[in-house]
Amino acid sequence: MSFWLLKSEPAVFGIKALAAAARRTTCWDGVRNYQARNFMRDEMRVGDRAFFYHSNCAEPGIVGIVKIVREGYPDHTAFDPGDAHYDPQSDRARPIWYMVDVALERKLDRAITLSELKAHAAGALDGLLLLRRGNRLSVLPVSERHWRFILALE
DNA sequence: GCCAACGTTGGC
DNA sequence: GCCAACGTTGGC
């Protein structure tokens, strides 16, 4: 089993929206970055776990845990001219963008904020991609060692 | 293939 | 709202 971190803006789709979704499940659509796509298309497996991270908000941080319930498949929002993530380069015969389905496993008892994670940047969380300067990846792997450490902070 | 311009991300 | 970082685009 592998571990991941998925970013989402709470104003767009936060943990509350996921908790309210049918079967507490959603497709992780709209990712338009090749590296992030490759992780979803090629590496995520059913049963993998991911941190649900709130970005671009007052208090960025990890707020929940989700599990991957469906492996990479074409992101249909790329085919829809009315969708904000429409990409005319992508079509059903040759899809460019992929997504996975995730289900909420649980909300954390408390949010683990970015500033709290940063406090360990030079120690136990050295190498965590989220903390790399200027990191903008919205889907990124987390080592098992880092996963366990972060959960112990909760 | 280089690289400047541009758009987006995301913390603050 | 600002701005640094960085991915993408497109002219050459």
Show me the side-chain donor-acceptor pairs of residues 147-154 of chain A shorter than 3.5 Å, one per line, residues at least two apart or across chains.
| from | atom 1 | to | atom 2 | distance (Å) |
| --- | --- | --- | --- | --- |
| A:R148 | NE | A:E144 | OE2 | 3.4 |
| A:R148 | NH2 | A:E144 | OE2 | 2.5 |
| A:E154 | OE1 | A:R106 | NH2 | 3.0 |
| A:E154 | OE2 | A:R106 | NH1 | 2.9 |
| A:E154 | OE2 | A:D109 | N | 2.7 |

Identify, with sequence neighbours excluded, every residue that meets side chain to side chain contact (heavy atoms under 4.5 Å, CB included) alongside A:S55.
-> A:K7, A:E9, A:Y53
Considering only heavy atoms, which members of residues 82-93 of chain A lie under 4.0 Å from some atom of DNA chain B?
-> none
Identify, with sequence neighbours excluded, every residue that meets salt bridge (charged side-chain N to carboxylate O under 4.0 Å, His left out) alongside A:E105.
-> A:R49
Applying ring pair (Phe, Tyr, Trp, His ring centres under 6.0 Å), name anything that partners A:F79, two or more places apart in sequence or on another chain.
-> none
Would A:D75 and A:R32 pass as an ion pair if we require N to O under 4.0 Å?
-> yes
Which residues pass the side chain to side chain contact (heavy atoms under 4.5 Å, CB included) test with A:N33, sequence neighbours left out?
-> A:Q35, A:A36, A:L137
Residue closer to the 5' end of DNA chain C, A:N135 versus A:N56 (nearest nucleotide) = A:N56
Mind checking what makes ring pair (Phe, Tyr, Trp, His ring centres under 6.0 Å) contact with A:F39, not counting sequence neighbours?
-> A:W4
Chain A on DNA chain C: first and last contacting nucleotide, 5' to 3', under 4.0 Å to a heavy atom?
-> C:dA5 to C:dT8
Go through the structure and list residues passing side chain to side chain contact (heavy atoms under 4.5 Å, CB included) with A:A119, not counting sequence neighbours.
-> none
